[in-house]
Amino acid sequence: MADTLDARTLPLDETSRSALDERGLAYRLIDHADGLVLDAWSRAVHRGFTHGEMPAEEVAEWREPMSWRRLLGVYDPTVPQADLPVATLSSWVAPMSVPGGELPMWAISTVTVAGTHRRRGIARSLLEAELRDARAAGVPIAGLTASEATIYGRYGFAPATTIATWRVDTGRAAWRAPDAPGRVQYLDREAAAALMGEVHERTRTARLGEIPGWPRRWRGRVALAEKKDEEVVTVRYVDESGEPRGVMAYRIEGHAEEDGRGVLTIRYLVADDDVALAALWRFALEHDLVGEVVAPMRPVDEPLPWLLDDPRVPVSSVTDHGWLRILDVPAALEGRAYAASASLVLRVTDPLGYADGTWRVEIADGRASVASTEDEPDVELSVLELGSAYLGGFSLAALSAAGRVAGTADAIGALDAALRVPRAPFLSIVY
Ligand SMILES: CC(=O)SCCNC(=O)CCNC(=O)[C@H](O)C(C)(C)COP(=O)(O)OP(=O)(O)OC[C@H]1O[C@@H](n2cnc3c(N)ncnc32)[C@H](O)[C@@H]1OP(=O)(O)O
């Protein structure tokens, strides 16, 4: 993918600026060069997520990960702490992996409105401005990870990727897969964080819905940032030639030494290949003094059950994770590859207008061409279902069974077959 757009270069949305101004609120772009303003913005985010005062050390650590984002704040000059914005949001354009390549995605993060200013439409002003900005900049899709599933549907965002929390009773987890030819080794947390970044970067395009990470993201996984008081251990897997192929961070809690049934929680696990992944899983499952392994934020199609004698031992609970909002139907549909040919008319409804329209979709040789048409639709859905189906993570047949997609069974089946992907889309980070 060509270099992504730098969202920091874009101007402030005038519609939301004047709407907020009429209510005595100042909507501003944050100047990254002004450390005091930037730090106050970070403290407001911390407060907005129901935390208290942000520790000074953490304020300083936020500078790097915020330095490449576009930062927005809403200020109320009448409050005692007028330097702290009463609402915050950050955004950037990230390359998101899609079938056959990558597409620019407008990532939205750190959306907060102060407890004292909630439910007055401030978040709506911010989010609608983001969608206008993204569309004007030619970005076809917006994305976010949602703190609550009830907030973002009204803006056209819908779940597109899922995550699972896996739990394994290690006493019943007899290993079945072949022995790995390499070795698992401890390494220090700094080195582990760096290796996580490297492995993530070289593997992320293999998983649909992934975006690049950033240093603080990995430092958080090894407790060098965020929750620093957690005792985290890090190991890597090296192949026969000594090349690092995977890395895992974990902690062990419970009364491991008293009853031998500690709980090992995998905080992050990333591997270049299936052998390294299996080796690190085996290390966790066969760890001494551990009775249970818990792995949150893992793929729903983790190969774990097939690595063990008894596939019923690992149990998983699944939840939504990456949310997408299609802003440009032709660009989004033409921007991914397809597993089968199809020819149909697709009607998309979108109360905010961006994706609204009727489109003739011709899919041949793995690519789509999409053109506006007046023809009667074969498949009808809203921008929400389109977002959920886009990466192949949710089938139109299932959405149709819930009454959320209309059309002929043949056309829905053909589009589902075209959208199908070999592995479940998976976004491994929260942003
Ligand atoms: C991508 C991310 O950053 S996810 C993080 C989101 N932020 C948080 O969870 C931090 C804590 N919460 C907050 O800061 C705020 O409550 C926010 C940002 C969620 C909402 O801000 P507000 O300014 O109160 O929202 P606003 O008044 O614009 O509400 C717009 C609509 O969303 C609805 N809404 C707002 N918050 C919620 C919620 N938590 N759950 C369900 N609906 C909500 C409102 O009822 C309103 O509905 P409408 O369609 O009838 O107009």
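Keep in mind that what you see is a predicted model, and the values were worked out from it rather than measured. Order of appearance sets the numbers: ligands from 1, and atoms from 1 within every ligand.
Checked by atom type and distance alone, the side chain of Asp378 pairs as donor or acceptor with a backbone atom of Val345 at under 3.5 Å. In this structure a side-chain-to-backbone donor-acceptor pair under 3.5 Å is present from Arg207 to Ala424.
Around ligand 1, the residues contributing at least one heavy atom under 4.0 Å from the ligand are Gly48, Phe49, Ile108, Ser109, Thr110, Val111, Thr112, Val113, Arg118, Arg119, Arg120, Gly121, Ile122, Ala123, Arg124, Leu144, Thr145, Ser147, Glu148, Thr150, Ile151, Tyr152, Arg154, Tyr155.
We find that Glu61 and Arg216 are joined by a salt bridge, their nearest charged nitrogen and carboxylate oxygen being less than 4.0 Å apart. Between Arg219 and Glu190 there is a salt bridge, since at least one side-chain N of the basic residue sits less than 4.0 Å from a carboxylate O of the acidic one. Glu57 and Lys228 are joined by a salt bridge, as a carboxylate oxygen and a charged side-chain nitrogen come within less than 4.0 angstrom of each other.
Among residues two or more places apart in sequence or in another chain, the salt bridge (Lys or Arg N to Asp or Glu O under 4.0 Å) test is passed with Arg63 by Asp39.
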